[in-house]
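Notes follow the structure.
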Amino acid sequence: MIEITSRDNPLLKQIRKQIQDPAGYRKSGQVWVEGEHLCSAALLRGSVPEALVVKRSAWSRQTPPGADMARKCLVVEDALFDELSTLESPADYGFLLSWPGLLQADVHTPTVVLDRLQDPGNVGAILRSASAFGFKQVLAIKGTVALWSPKVLRAGMGAHFGLRLVEGADLAAVQSLQLPILTTDVHEGPYLHELIGHQQLPAACAWIMGHEGQGVSPELAALAGQKVRIAQPGGEESLNVATAAAICLHASATAGQS
């Protein structure tokens, strides 16, 4: 256990810098996660913390989970820890985890393709749906928000640690997938419920979800073997992309169980 009382400690400086740069983990090779929920999710999925960073007041009350596994354990003054937090109410401890790095796509794994999505909340919600419905790989096309950024991590609620996350993916990565490729479209294709009714919806597949404003790019749309519409009897023009993703992924998951 290492006690830290100086704001100039190199590790604290690294974390402060990293939380200000959503893609900072790509330079440092480490991801900062804070709070009981995310840290517990990381441990549950087999992550071994490079460092446990904990408030002095919390350390005096109870030894946090992961303390016996972390390669380093740093106890810091409460005020110094609060400077590391991106939460409205700072947590009591956090982990520095090794970033998995730039991975290659597994061409046989059911996949969600994110085409230049910009909203961290949407991306985190889609990661949660992907994990829940058995789509264990996410390909983020270049231009998509950084998947391991603090805001996406919070919105993902721990889903990150059960997924294969491929960042900086291109058209060739999507072309390489050995799976049926589907995408949503407001105007073209059969309705999702029609495909389900006729048992024509594949369970193991790749769903492309498009940019919040521009939708799926023409180049990626051309790779889709099936365009699908989602029935909206209420008459709204379109659905939020995270909502659309949840509907489509759940439909495929249940198609595989029928």
Side-chain angles (χ1 to χ4, degrees), residues 103-119 122-145 147 159 162-258:
L103 304 177
Q104 297 296 313
D106 183 327
V107 299
H108 300 292
T109 297
T111 298
V112 182
V113 180
L114 305 180
D115 183 14
R116 300 162 296 130
L117 271 67
Q118 296 298 299
D119 184 86
N122 283 338
V123 172
I126 292 173
L127 265 56
R128 290 182 70 186
S129 292
S131 181
F133 299 129
F135 285 75
K136 295 303 183 182
Q137 178 169 255
V138 175
L139 267 60
I141 299 297
K142 293 175 183 177
T144 300
V145 66
L147 296 187
L163 296 170
R164 182 179 184 85
L165 302 179
V166 181
E167 295 194 275
D170 56 15
L171 199 66
V174 181
Q175 287 176 314
S176 72
L177 297 175
Q178 302 297 303
L179 297 159
I181 299 176
L182 299 87
T183 191
T184 58
D185 193 288
V186 177
H187 305 293
E188 294 184 43
Y191 285 105
L192 183 61
H193 67 273
E194 294 174 341
L195 292 177
I196 296 171
H198 293 103
Q199 297 184 337
Q200 295 175 339
L201 185 68
C205 63
W207 279 98
I208 303 175
M209 311 309 298
H211 181 277
E212 289 88 349
Q214 301 169 12
V216 177
S217 71
E219 295 80 9
L220 279 174
L223 298 181
Q226 181 72 71
K227 293 181 180 179
V228 179
R229 289 184 287 172
I230 299 173
Q232 297 169 224
E236 291 297 326
E237 181 181 355
S238 62
L239 292 172
N240 169 274
V241 65
T243 301
I247 292 170
C248 294
L249 300 183
H250 176 265
S252 282
T254 54
Q257 295 176 358
S258 61

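In this structure, the separation between OG1 on T254 and CG on L249 is 10.5 Å, given to the nearest 0.5 Å. To the nearest 0.5 angstrom, Q178 atom CD is 12.0 Å from T109 atom OG1. The line from CG of L171 to OG of S176 is 10.0 Å long, rounded to the nearest 0.5 Å. Rounded to the nearest 0.5 Å, atoms CG (D106) and NZ (K136) are 13.5 Å apart. Rounding to the nearest 0.5 Å places CG of L182 at 12.0 Å from CG of D185. A distance of 13.0 Å separates CG in L220 from NE2 in H211, rounded to the nearest 0.5 Å.
Judged by distance alone, with hydrogens and angles left aside, the side-chain atoms of T144 form a donor-acceptor pair with the main-chain N or O of I141 at under 3.5 Å. With R164 contributing its side chain and Q104 its backbone, the two residues share a donor-acceptor pair below 3.5 Å. Put simply, the side chain of R116 never gets that close to the backbone of V216: no donor and acceptor are under 3.5 Å apart.
Of all heavy-atom pairs between V166 and L103, the closest is CG1-O, 3.2 Å. Closest heavy-atom contact between I126 and A245: CG1-CB, 3.8 Å. A pairwise comparison of heavy atoms in G210 and L117 identifies O-CD1, 3.3 Å as the closest pair. Of all non-hydrogen atoms in P202 and S252, the two that sit nearest each other are O-OG, 3.1 Å.
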Would you sort out whether L147 and V123 count as a side chain to side chain contact (heavy atoms under 4.5 Å, CB included), showing the intermediate values? CA-CA 8 Å; L147 296 187; V123 172; 3.6 Å; yes
Step by step, would you call V241 with L114 a side chain to side chain contact (heavy atoms under 4.5 Å, CB included)? CA-CA 10 Å; V241 65; L114 305 180; over 6 Å; no
Pair T183, D115 - check side chain to side chain contact (heavy atoms under 4.5 Å, CB included), show working. CA-CA 11 Å; T183 191; D115 183 14; over 6 Å; no
Begin with the C-alpha distance, continue with both residues' side-chain angles, and end with the deciding distance and a verdict on side chain to side chain contact (heavy atoms under 4.5 Å, CB included) for L195 and Q200. CA-CA 5 Å; L195 292 177; Q200 295 175 339; 3.7 Å; yes
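No side-chain heavy atom of I247 sits under 4.5 Å from any side-chain heavy atom of T184. For the pair P110 and W207, the minimum side-chain heavy-atom distance is 4.5 Å or more.
For residues 191-200, there are no salt bridge (Lys or Arg N to Asp or Glu O under 4.0 Å) pairs, not counting sequence neighbours. Sorted by first and then second residue, the salt bridge (Lys or Arg N to Asp or Glu O under 4.0 Å) pairs involving residues 221-234 (not counting sequence neighbours) are E188-K227.
Scored by the salt bridge (charged side-chain N to carboxylate O under 4.0 Å, His left out) test, E212 finds no partners at all (sequence neighbours excluded).
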